[in-house]
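To keep things clear, I will list the structure first and then write my remarks on it.
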Amino acid sequence: MKAYIKTSISLLVLTLIISAGVLFSGNVYGQDGGNDPDQPGVPLDGGLSILLAAGAAYGGKKFYDANKKNKKD
């Protein structure tokens, strides 16, 4: 019973983190462009999104493997 509660809490926390990332992702700029209006800053959305997705997939795989190992024992 404790393992079920621990797993469901972990799943809830993971879901909340992913939901917050999706909801609050918008146009984010790395630096101020200064006084030049043609360059508002460096957008951090393209490659960073791919890295975040890869990290989430890697974390999900580790989580899945850990749960699989615990169920074997």
Using atom types as modelled, flag every donor-acceptor pair under 3.5 Å from a side chain in residues 12-20 to any protein atom, sequence neighbours excluded.
from	atom 1	to	atom 2	distance (Å)
Thr15	OG1	Leu11	O	2.7
Ser19	OG	Thr15	O	2.8

Table please: side-chain donor-acceptor pairs of residues 56-63 below 3.5 Å, with sequence neighbours left out.
from	atom 1	to	atom 2	distance (Å)
Lys61	NZ	Asp65	OD1	3.1
Lys61	NZ	Asp65	OD2	3.2

Here the salt bridge (Lys or Arg N to Asp or Glu O under 4.0 Å) pairs for residues 9-18, sequence neighbours left out, are none
